[in-house]
Amino acid sequence: MIIATWNVNSIKVRADNVVRWLEEVKPDVLCLQEIKSIDENFPNEKFEDLGYNVAVHGQKTYNGVAILSKHPIEDVTKGLPGNNTDEQARYLEAVITTDQEVVRVASIYLPNGNPVESAKYPYKLEWMDHLIARANSLLEFEEPFVLAGDYNVIPTDDDVHNPSGWWGDALYRQETLDKYRTLIELGLTDAFRTCHAQPHRYSFWDYQAGAWQKDHGIRIDHLLLSPQAADLIKGADIDAHTRGWEKPSDHVPAWVELNL
DNA sequence: ATGCCGGGCGAAGCCCGA
């Protein structure tokens with residue numbers, strides 16, 4: 001089973017690229033972020049035509065997350081449990097069931113947090129606290145789950161083209177990394193990093209200043225696996241080639257294949 | 001370059017992203 005994540009930066013503009021990638025890779029599940037669409041305007045039909053079920057937690061203009069799945073989508077949760085006052089659509093969780101197996105999947109759009117001296121940064125840190133609490137609760141079930149999405153966190157120097165230039169940014173500073181480490185140390189596994197030791201593999205390149213052409217990227221889109229899911233890892237990768245397509249998102253798909 | 005692109009909104013120019 002292939003489970004993927006992709007920040008598409010507007011589903012309206014990116015629907016055809018998503019269809020193209022779905023036909024190419026045929027993932028079982030695709031978590032989408034930054035759809036920038038309300039539920040009613042999400043192009044369900046384009047994905048249903050390819051055999052995907054659709055769950056959407058949308059929002060007008062900003063944010064918005066969705067899950068596409070070839071298998072039934074059950075037990076859908078919109079918003080981070082325990083974070084009921086959050087006005088921003090950044091979390092969608094569901095249970096994916098196959099004939100044999102069950103895997104829980106969350107589509108996550110973690111706040112950017114810049115500028116760090118604004119209220120946006122404490123909002124990011126508090127949002128991470130809620131995510132940590134949710135992961136902790138899910139771990140008690142001792143079942144396979146995948147928390148997939150745009151984390152807006154650069155985990156290490158190996159995940160950024162210019163570490164010293166980025167240090168201090170909301171994506172790459174001590175308080176952010178402390179929270180991220182707390183999440184990981186609950187017992188989660190970074191799917192890409194456990195399969196690839198090579199540094200400087202990225203999932204985002206800015207639209208500006210020729211960042212893609214110069215490979216000035218960062219790795220901020222992650223699939224974090226519970227121990228029961230990590231035991232099933234067959235492979236993982238990042239599909240950078242979509243960044244070279246016409247009308248690309250600034251993010252590219254990342255995926256994990258599980259023996260499910 | 002604390003916004004050079006790109007998208008939303010809405011019909012010019014501002015807000016937002018990482």
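In the text below, chain A, chain B and the rest are named by the order of the sequence lines, each starting its count at 1.
Remark: P of B:dC16 and CG of A:Asn114 are 13 Å apart, rounded to the nearest angstrom. Here the C1' atom of nucleotide B:dC16 and the CZ atom of A:Phe204 are 12 Å apart, to the nearest Å. Here B:dC16 presents its P atom at 15 Å from CG of A:Asn152, a figure rounded to the nearest Å. Between the CG atom of A:Asn7 and the P atom of B:dC16 there is a distance of 17 Å, rounded to whole Å. Note: OH (A:Tyr109) to P (B:dC16) measures 12 Å, nearest angstrom. Distance CD (A:Glu87) to P (B:dC16): 15 Å, rounded to an integer number of Å.
B:dA12 sits 14 Å from B:dG8 when the C1' atoms are compared, rounded to a whole Å. Across the P atoms, B:dG10 and B:dC15 are found 15 Å apart, a figure rounded to whole Å. Rounded to the nearest Å, the gap between the P atom of B:dA1 and that of B:dC5 is 15 Å. When the P atom is compared between B:dC14 and B:dG3, the two are found 14 Å apart, to the nearest whole Å.
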- Message: One character per nucleotide, please: for nucleotides 1-8 of chain B, 5' to 3', B when the base has a protein heavy atom closer than 4.0 Å, S when only the sugar-phosphate does, - otherwise.
- Response: --BBBSSS

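The aromatic rings of A:Trp6 and A:Trp245 sit perpendicular to each other, their planes meeting at more than 60°, with 30° as the lower class boundary.
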